[in-house]
Amino acid sequence: MATARNFRLASRLRFGIPEKNFLLSKMANLTEPILRTRFTDMSAALFSAQKTECKDFELRYVYCLEAYGKSLGESKCKDLKDDIQECFFKFKQLARTEAIKNERVRQLKSGELKPEETYGPIPKPDSF
Amino acid sequence: MDAAIKQDLPPEGGYQKIQYARNPAKTYFKGGRLLAGALLFNGFTTYYYFNHCYPQILHQRVEKNGAHLATLPLLLAERDRAYLKHCRALRDEEEKIMAKVPNWEVGKWNGEQIYKTLDKNDFNDPILCEYYIHAPFFDFWKKAHEAQIQV
């Protein structure tokens with residue numbers, strides 16, 4: 001149930017819809033585990049993004065959270081949190097690609113683009 | 001019937017005797033000589049291989065690695081140039097196509113930058129989908145599955 005709620009929250013965030021329910025809006029903001037034992041810090045390094053491409057985003061966000069705390073950090077570190085989410089899920093970039101593709105299809109169908117121009121610049125095979 | 005009757009008789013002198021005694025194969029070397037011969041042969045071949053053939057293999061390997069190291073910067077430079085050229089072409093194409101869409105700024109989404117905390121002029125690497133937007137779907141599919149295709 002919690003995972004379904006989190007998925008719904010993430011999907012709404014993905015399309016830029018803010019959650020209006022007070023309790024649900026606090027749901028997906030877990031930054032540390034509930035119980036602190038002697039093993040929580042030992043296992044912290046397993047769940048970090050420091051070996052992915054989002055390491056700088058994560059560091060900045062975590063430093064900001066440490067400086068401001070959890071409740072104040074929600075408002076002060078919002079941009080950083082959005083950036084790290086964008087880095088992980090890339091929803092803005094995907095939405096952009098979808099929009100561009102749809103626009104291209106629309107232009108082809110309406111006739112603004114000629115059939116010779118169906119494809120734009122094609123990348124070379126191993127250049128990515 | 002004037003011709004002589006042909007009968008199926010045994011050959012002259014009769015048949016040979018049936019051989020029932022053992023007839024083992026002829027042995028040229030036995031026991032110690034065989035072992036000594038094998039060891040000598042192996043010794044000579046190892047000497048020949050390690051002192052004559054293997055240095056040639058090493059020399060070829062050195063040459064191959066040298067060639068790889070020498071051509072690697074050139075290949076990387078070519079790849080990077082093609083990558084950046086294509087990124088620029090993507091931006092230009094996006095500008096051309098989305099000119100008719102209202103409220104569209106090139107490189108942004110919903111009026112805000114993709115990464116808000118980064119500088120406006122920082123380069124943002126495209127993702128795979130973005131890289132192949134204007135190309136046929138097959139190119140994208142092939143690149144996405146290149147780990148499985150592996151010719």
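Please read all numbers here as calculations on a predicted model, not as lab measurements. Heavy atoms only: backbone and side chains are in, while hydrogens, waters and symmetry mates are out.
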Least distance between heavy atoms, B/Lys116 atom then A/Asp82 atom: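 Smallest heavy-atom distance, with atoms named: NZ-OD2, 2.8 Å.
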Just wondering, more than 12 heavy atoms not from [X] lying within 6.0 Å of its [atom1]?
X        : atom1 : value
B/His145 : NE2   : yes
A/Phe88  : CZ    : yes
B/Asn103 : CG    : no
A/Arg106 : CZ    : yes
B/Lys142 : NZ    : no
A/Glu66  : CD    : no

Inter- and intrachain pairs under disulfide bond (SG atoms under 2.5 Å apart), touching residues 52-151 of chain B, at least two apart: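 Qualifying pairs: none.
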Side-chain donor or acceptor of A/Gln107 paired with backbone N/O of B/Ile97 under 3.5 Å: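 Answer holds: yes.
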Within residues 14-23 of chain B, residues adjacent to chain A where the heavy-atom gap is under 4.5 Å: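 Residues in range: none.
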Inter-chain contacts: residues 56-63 of chain B against chain A, heavy atoms under 4.5 Å: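 Residues in range: none.
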I'd like to know if [Y] and [X] are part of one continuous hydrophobic network [Ile/Leu/Val/Met/Phe/Trp/Tyr, side-chain heavy atoms within less than 4.5 Å].
X        : Y        : value
B/Tyr131 : B/Phe137 : yes
B/Val101 : B/Val106 : no
B/Phe140 : A/Val105 : no
B/Tyr132 : B/Ile149 : yes
B/Leu90  : A/Tyr119 : no

Largest heavy-atom contact set with chain B, pairs under 4.5 Å, which of A/Glu103, A/Arg60, A/Arg96: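 Most pairs with chain B among the choices: A/Arg96.
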Using 0.5 Å steps for rounding, measure from the [atom1] atom of [X] to the [atom2] atom of [Y].
X        : Y        : atom1 : atom2 : result
A/Ile100 : B/Glu93  : CD1   : CD    : 9.5 Å
A/Ile84  : B/Tyr115 : CD1   : OH    : 10.5 Å
A/Phe91  : B/Trp109 : CZ    : CH2   : 11.0 Å
A/Lys124 : B/Asp139 : NZ    : CG    : 14.0 Å

Chain A interface, residue from B/Gln113, B/Lys143, B/Glu94 that has the most non-hydrogen pairs under 4.5 Å: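 Most heavy-atom pairs under 4.5 Å with chain A: B/Glu94.
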Name each donor-acceptor pair under 3.5 Å that joins a side chain in residues 118-126 of chain B to protein atoms two or more places apart or in another chain, with its distance.
from, atom 1, to, atom 2, distance (Å)
B/Asp125, OD2, B/Tyr83, OH, 2.7

Toward chain B, the part of A/Glu86 with a non-hydrogen atom under 4.5 Å: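 Answer is both: backbone and side chain atoms of A/Glu86 are under 4.5 Å from chain B.
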Stepwise side chain to side chain contact (heavy atoms under 4.5 Å, CB included) test for A/Lys90 and B/Ile114: CA-CA 9 Å; A/Lys90 307 241 189 309; B/Ile114 297 179; over 6 Å; no
Derivation and outcome, side chain to side chain contact (heavy atoms under 4.5 Å, CB included), residues B/Ile133 and A/Lys101: CA-CA 7 Å; B/Ile133 298 178; A/Lys101 266 190 193 168; 3.9 Å; yes
Sub-4.5 Å side-chain heavy-atom contact between B/Pro136 and A/Ile122: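 SC-SC contact between B/Pro136 and A/Ile122 confirmed.
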Part of B/Lys100 lying under 4.5 Å from any heavy atom of chain A: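 Only the side chain of B/Lys100 comes within 4.5 Å of chain A.
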